[in-house]
Structure formats: structure tokens, C-alpha cells
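Numbers for residues simply follow the sequence, beginning at 1.
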Amino acid sequence: QVQLVESGGGLVQAGGSLRLSCGASGRTFSSYAMGWFRQAPGKEREFAAVISRSGGIIDYADSVKGRFTISRDDAKNTLYLQMNSLKPEDTAVYYCAADDRGIGGTSPYEYDYWGQGTQVTVSS
């Protein structure tokens with residue numbers, strides 16, 4: 001089992017940047033594929049980015065491709081999401097998630113563990 005804690009959210013103007021972090025404790029972090037999801041008010045949780053167990057496979061939602069970068073530091077048990085050129089439509093609660101199978105994916109149902117989320121608000 002792994003415990004996940006997100007940080008780094010906040011209020012930023014459109015065009016600005018934020019870097020989210022997700023600290024992990026418990027079972028070996030490097031054994032998990034990791035994902036970032038987001039949920040805006042009144043909307044379903046949606047996929048943003050995924051990174052494989054080895055870090056060799058990365059994928060992004062079309063809505064964030066070219067602006068967001070997912071990365072991981074297994075020595076620090078930490079997952080990151082660098083978000084640049086932020087838009088008001090990026091406003092949401094951002095969650096990190098861990099896939100016990102080490103595969104990852106774009107559906108939230110493929111993940112076993114979730115953090116509590118961090119709020120990102122982008123003003124126009």
C-alpha cells in the first residue's frame with residue numbers, strides 16, 4: 001500500500017506556471033505507474049498525464065499536451081507535474097494516483113491509490 005500527498009496548487013494568472021508535487025510513502029514508489037487526474041466542479045474526474053513504472057512511457061491528454069510535463073524522482077519518492085501556459089479551463093482539483101500493476105492508463109478505474117487533491121485556480 002502507498003500513501004500519496006499532493007502539494008503545489010494555488011492561484012495563478014492565465015499564462016502562468018505551477019509545479020505540482022506528489023509525495024509517496026509506504027510500499028516502494030518505483031513499483032507503481034503514476035498518473036495525474038483533475039476534476040473541475042460539476043465535472044467528472046479526467047485524465048491529465050501518466051508515467052510508467054520505469055519512466056520510459058509517458059502520455060498526456062490532448063488538452064494539456066505541449067503545456068504540461070510529468071516526471072518522477074524515485075530516489076525522492078516524488079511525482080511531479082510541471083504546468084506551463086495555464087488557462088482558466090485548467091482550473092480544477094488535481095489528484096495523483098498510483099497503479100499497483102505498474103501499467104498506468106487513462107481511466108481513473110485503473111488506479112488503486114489516490115491522494116487528497118490540490119486546488120489549482122487559473123484567473124483570466
Side-chain angles (χ1 to χ4, degrees):
Q1 188 167 341
V2 64
Q3 292 78 44
L4 305 172
V5 179
E6 301 95 338
S7 61
L11 173 64
V12 63
Q13 288 188 334
S17 299
L18 282 174
R19 187 173 84 153
L20 305 183
S21 298
C22 173
S25 60
R27 209 184 115 188
T28 307
F29 176 71
S30 60
S31 67
Y32 295 94
M34 299 296 297
W36 284 102
F37 289 77
R38 63 187 186 182
Q39 188 166 19
K43 295 188 176 181
E44 293 186 351
R45 192 166 298 188
E46 66 173 11
F47 166 74
V50 60
I51 186 167
S52 65
R53 176 162 54 186
S54 64
I57 299 174
I58 289 174
D59 194 17
Y60 299 95
D62 288 342
S63 57
V64 308
K65 199 170 292 184
R67 301 186 297 121
F68 290 11
T69 302
I70 188 172
S71 62
R72 65 190 299 162
D73 186 337
D74 289 348
K76 295 182 177 180
N77 290 345
T78 304
L79 174 74
Y80 301 100
L81 186 67
Q82 178 67 43
M83 305 186 295
N84 299 328
S85 302
L86 283 161
K87 305 174 181 180
E89 50 263 44
D90 295 317
T91 295
V93 177
Y94 282 71
Y95 299 89
C96 65
D99 175 10
D100 209 2
R101 304 165 301 158
I103 300 173
T106 61
S107 168
Y109 298 103
E110 297 178 273
Y111 293 81
D112 304 286
Y113 305 103
W114 293 83
Q116 83 290 348
T118 186
Q119 175 71 47
V120 172
T121 303
V122 184
S123 63
S124 58

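- Between atom OG1 of residue T118 and atom CH2 of residue W36 there is a gap of 7.5 Å, rounded to the nearest 0.5 Å.
- You'll find the ring centres of Y111 and F37 inside the 6.0 Å limit.
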Scan the side chains in residues 80-87 for donor-acceptor partners under 3.5 Å anywhere in the protein, sequence neighbours excluded, and list what turns up.
{"unit_1": "Q82", "atom_1": "NE2", "unit_2": "N84", "atom_2": "OD1", "d": "2.9"}
{"unit_1": "N84", "atom_1": "OD1", "unit_2": "S17", "atom_2": "OG", "d": "2.9"}

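- With rounding to the nearest 0.5 angstrom, the CG atom of L11 is 8.0 Å from the CD atom of Q13.
- In terms of modelled atom types and a separation under 3.5 Å, the side chain of E6 and the main chain of G117 share a donor-acceptor contact.
- In the hydrophobic cluster analysis, where Ile, Leu, Val, Met, Phe, Trp and Tyr join through side-chain heavy atoms closer than 4.5 angstrom, V120 is grouped together with V64.
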> Given the rule in the side chain to side chain contact (heavy atoms under 4.5 Å, CB included) test, do I103 and E110 qualify, once you have shown the distances and angles that lead to the verdict?
Replying inline: CA-CA 9 Å; I103 300 173; E110 297 178 273; 5.8 Å; no
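- Residue F68 holds its CZ atom at 8.0 Å from CG of L20, rounded to the nearest 0.5 Å.
- Between W114 and P108, the closest side-chain pair of non-hydrogen atoms falls below 4.5 Å.
- The side-chain tip of R72 points at the ring of F29 from less than 6.0 angstrom away and within 45° of straight on.
- Here the closest non-hydrogen pair linking T78 and S21 is CG2-CB, 4.2 Å.
- In plain terms, the two heavy atoms of T69 and Y60 that are nearest each other are CA-OH, 3.3 Å.
- Nearest heavy-atom pair across Q119 and T121 is NE2-OG1, 3.3 Å.
- In this structure a side-chain-to-backbone donor-acceptor pair under 3.5 Å is missing from S63 to A61.
- Other residues, nucleotides and ligands contribute over 12 non-hydrogen atoms within 6.0 Å of the NZ atom of K65.
- In this structure, CD1 in I58 is found 13.0 Å from CE in M34, a value given to the nearest 0.5 Å.
- Clustering ILVMFWY residues whenever any of their side-chain heavy atoms sit less than 4.5 angstrom apart, transitively, puts Y95 in the very cluster that holds V50.
- Contact record, A14 with S124: CB-CA, 4.4 Å, taken as the closest heavy-atom pair.
- For the pair Q3/Y113, no side-chain contact is recorded, criterion being any heavy-atom separation below 4.5 Å from C-beta on.
- Salt-bridge formation is detected for the pair R38/D90: a Lys NZ or Arg NE/NH1/NH2 atom is positioned less than 4.0 Å from an Asp or Glu carboxylate oxygen.
- In this structure, OG on S52 lies 9.5 Å from CD1 on I70, to the nearest 0.5 angstrom.
- The OG1 atom of T91 lies 7.5 Å from the OH atom of Y94; values are rounded to the nearest 0.5 Å.
- Each of D59, I57, L79 was scored for a side-chain contact (heavy atoms from CB on, under 4.5 Å) with I51, with one residue passing: L79.
- The backbone N or O of S31 sits nowhere less than 3.5 Å from a side-chain atom of T28 that would complete a donor-acceptor pair.
- For E44, the CD atom is loosely surrounded, since the number of other residues' heavy atoms within 6.0 Å does not exceed 12.
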